[in-house]
Amino acid sequence: MQKKDDYRALEARYYMPAFTRDIMLTRGQGSKVWDADGKEYLDCVAGIAVCSTGHCHPAVSRAICEQAKKLIHCSNLYYVPGQAELAQKLTEKTGMTKAFFSNSGAEASDGALKLARVRTGRKKFVAFTHGFHGRTIGSLAVTHKPGIREPFEPLGMARTFVDYGDTDALRKAVDSDTAGVIVEPIQGEAGVIIPPAGFLEEIREICDKKGALMIVDEVQTGMGRTGKWLAIQHTAVLPDIVTLAKGIASGFPMGALLAREGLEFKKSEHGSTFAGGPLACAAALATLQVIEEILPSVPGKGERFRAGLSKYTPRVCGLMIGMTVGDRCGVVQKLCAERGLLVNCAAEGNLRLLPPLVITNDEIDKACSILGEALG
Ligand SMILES: *Cc1c(COP(=O)(O)O)cnc(C)c1O
């Protein structure tokens, strides 16, 4: 305990207090993590949908170590080992045509907004209430949550928010100067909010009618999280632009932007020093291979959670699980942690589970039983 108290004091003195936290994790393996005192937890947060292949998957760790011995960085002034192969694999799995890499989800959102503006020649965006797309100045402009956005206004982006699920309002909001509509197929930070049936199809139709691009933010829902490579693949909708990050490289920082035929950045229109570097690409290529193997098991695992938590009417899509708990959310999160289970309170009393995709049936049963005790 002494160790953690010392660390807390060190942080309080030298690190900006932007986070609320109490646990210090020092090691992970599969779906388990251990804190500085050696206490074991079953991890149903997975770095917020990042560690989908589990912690330190041997194939991913090996790929990173091997690449780190060959070439860590080289700059996008040169061909980057792994970059084109990764672009090929991601586009093939998602029905998109070309890729461009970034270092985070927010940067992928920024890239998507830039691409939509430059290719349509239009200025404005429509986004949705309770949506989250990142915290850079660009991505924050289309992120709804007033608490994190308003202190930084004006954000210099013409943008309208429409209620998530309200297609009548969307139809009115999209006009001839709308470059794009940006949407999460399931809202993650809002607490796993699944839109009404037909919503995504209607966005596609409205965008087509008005000549706006449909940007689907799959930063949280993508990379197998919902049982398909993309959540939008549960529908027949083909978006114009898709963004990815979180689960793409098992925790190595990376984001991606995928675009359909005919949409791409031309010379000098976009770039980044670190984006799509050799280490990130190696981590992502290994991650893709692991996810490929476990993807067929994801829907069944989600249904096992649904059955185990049925008393609490969970919202489930693959291994993206939300439950409305209300004011007790923080207490439940703490009780779970005491009992060795990590879960997280997303917005407005919504408890969220985003376990590694490699979680086992026994671990799912254990998570449900601990949650049952904590929820009472
Ligand atoms: C996490 C998240 C982002 C931002 O990703 P960062 O890597 O934190 O910048 C964007 N969109 C969605 C849907 C997310 O869940």
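Remember, it's 1-based here, ligands and their atoms both numbered in the order they're listed.
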S.K.: Okay, side chain of Glu184, backbone of Gly188: is any donor-acceptor separation there less than 3.5 Å?
M.R.: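 Yes: the side chain of Glu184 pairs with the backbone of Gly188.
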
S.K.: Identify the protein heavy atom lying closest to atom 7 (O) of ligand 1, giving its residue, its atom name and the separation to 0.1 Å.
M.R.: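 The closest one turns out to be Gly105 N, 2.8 Å.
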
S.K.: Give yes or no for whether the N/O distance cutoff of 3.5 Å, strictly under, is met between Asp217 and ligand 1.
M.R.: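 Yes, Asp217 has an N/O under 3.5 Å of an N/O on ligand 1.
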
S.K.: Check whether Asn350 reaches the backbone of Ala190 with its side chain - one donor and one acceptor, N or O, closer than 3.5 Å.
M.R.: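 Flag set: sc Asn350 to bb Ala190 pair under 3.5 Å.
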
S.K.: Which atoms from ligand 1 have a heavy atom of Ser104 less than 4.0 Å away?
M.R.: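 Checking each atom against Ser104, I get 7 (O), 9 (O).
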
S.K.: Under a 3.5 Å distance rule, please check whether Gln233 uses its side chain to pair with a backbone N or O of Leu230 as donor and acceptor.
M.R.: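 Answer holds: yes.
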
S.K.: Give yes or no for whether the N/O distance cutoff of 3.5 Å, strictly under, is met between Glu107 and ligand 1.
M.R.: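 Between Glu107 and ligand 1 (N or O atoms, distance only) the closest approach is not under 3.5 Å.
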
S.K.: Around atom 14 (C) of ligand 1, find the nearest protein heavy atom and jot down its residue, atom name and distance.
M.R.: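 Going by distance alone, atom 14 (C) of ligand 1 is nearest to Lys246 NZ, 2.9 Å.
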
S.K.: Assign the ring pair Phe199 / Tyr164 to parallel, tilted or perpendicular, where the plane angle (0 to 90°) is split at 30° and 60°.
M.R.: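 Correct class here is perpendicular.
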
S.K.: Between Ser52 and Arg225, does any side-chain donor sit less than 3.5 Å from a side-chain acceptor?
M.R.: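 There is such a pair between these side chains.
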
S.K.: Identify the residue among Leu341, Leu335, Val325 that makes a side chain to side chain contact (heavy atoms under 4.5 Å, CB included) with Leu371.
M.R.: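 For Leu371, the side chain to side chain contact (heavy atoms under 4.5 Å, CB included) check succeeds only for Leu341.
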
S.K.: Could you list which atoms of ligand 1 come closer than 4.0 Å to a heavy atom of His133?
M.R.: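 Taking each heavy atom of His133 in turn, ligand 1 has 10 (C), 11 (N) under 4.0 Å.
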
S.K.: Within a strict 4.5 Å, meaning less than it, do heavy atoms of the Phe101 and Gln83 side chains meet?
M.R.: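 They are in contact (side-chain heavy atoms under 4.5 Å apart), so the answer is yes.
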
S.K.: What protein heavy atom sits nearest atom 9 (O) of ligand 1, and how far away is it?
M.R.: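 Atom 9 (O) of ligand 1 sits closest to the protein heavy atom Ala106 N, 2.7 Å.
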
S.K.: Pull out every atom of ligand 1 sitting under 4.0 Å from any heavy atom of Gln220, numbered as shown with elements.
M.R.: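 Numbered from 1, ligand 1 contributes 15 (O).
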
S.K.: What is the minimum heavy-atom distance between Ala337 and Ile23, and which atoms define it?
M.R.: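 Scanning both residues, the minimum pair turns out to be CB-CD1, 4.0 Å.
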
S.K.: Purely on distance, is any nitrogen or oxygen of Ser109 under 3.5 Å from one on ligand 1?
M.R.: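 No; the residue has no nitrogen or oxygen that sits under 3.5 Å from a nitrogen or oxygen of the ligand.
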
S.K.: Mind checking whether Glu184 contacts ligand 1 via backbone (N, CA, C, O), side chain (CB onward), both or neither, at a 4.0 Å heavy-atom cut-off?
M.R.: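 Glu184 to ligand 1: side-chain contact only, backbone stays beyond 4.0 Å.
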
S.K.: Are any of the N/O atoms on Gly134, whether in the backbone or the side chain, positioned under 3.5 angstrom from an N/O atom of ligand 1?
M.R.: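 Between Gly134 and ligand 1 (N or O atoms, distance only) the closest approach is not under 3.5 Å.
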
